[in-house]
Amino acid sequence: MNIKTLLAEEKRLGLNCNYCGRFRYLNHGRFAPSTPVEAIAKTLTCARCGSEDVETFAVTRTSEKGYWPAERS
Ligand SMILES: [Zn+2]
């Protein structure tokens, strides 16, 4: 999945730190439409603990009219 597909499917870009568990949404406007969602993690580190062990992925709403999963620090 790339940014273009992410937007088409009305998903959001999530960043999770595997070290400290921080989860945040990223502004997809920073990335080109052709950028693979998983590749973005390679350019980032965790803003809280500085770990490079982060992953980026598409986040879906919890239900059709539901909420987005909450950010976590
Ligand atoms: Zn972290």
Taking ILVMFWY side chains as joined if any heavy atoms are under 4.5 angstrom apart, and letting links pass through other members, which residues group with Tyr67? none
Tell me every residue that passes side-chain hydrogen bond (donor to acceptor under 3.5 Å, both in side chains) with Arg72, counting only those two or more places apart in sequence or in another chain. Asn16
For Tyr19, the other hydrophobic cluster members (4.5 Å side-chain criterion, sorted by chain and number) are none
Side-chain touch Leu44/Leu15, heavy atoms, less than 4.5 angstrom: yes
Enclosure of Glu52 CD (heavy-atom neighbours >12, cutoff 6.0 Å): no
Is Leu13 close to Phe31 at the side-chain level, that is, under 4.5 Å between some pair of heavy atoms? yes
Going hydrophobic residue to hydrophobic residue with side-chain gaps under 4.5 angstrom, can you get from Met1 over to Val54? yes
Membership question, hydrophobic clusters at under 4.5 Å side-chain separation (ILVMFWY): are Leu7 and Ile40 in the same one? yes
Glu55 versus Ala41, closest heavy-atom pair with distance: CA-CB, 3.7 Å
Not counting sequence neighbours, which residues clear side-chain hydrogen bond (donor to acceptor under 3.5 Å, both in side chains) with Glu10? List them please. none
Taking side-chain hydrogen bond (donor to acceptor under 3.5 Å, both in side chains) as the definition, give me every residue that meets it alongside Thr5, ordered by chain and number, with sequence neighbours left out. Asn2
Do the ring planes of Phe57 and Phe23 sit parallel (below 30°), tilted (30 to 60°) or perpendicular (above 60°)? parallel
Under 3.5 Å: donor-acceptor pair, side chain of Thr35, backbone of Ile3: no
One should read off an interatomic distance between Lys4 NZ and Ser34 OG, to the nearest 0.5 angstrom, of 9.5 Å
Side chains of Val59 and Pro69: does their closest heavy-atom pair fall under 4.5 Å? yes
Could you tell me if the side chain of Cys49 sits less than 4.5 Å from the side chain of Cys17, heavy atoms only? yes
If a pair satisfies salt bridge (Lys or Arg N to Asp or Glu O under 4.0 Å) and one of its residues is in residues 11-33, list it, with sequence neighbours excluded. Glu9-Lys11
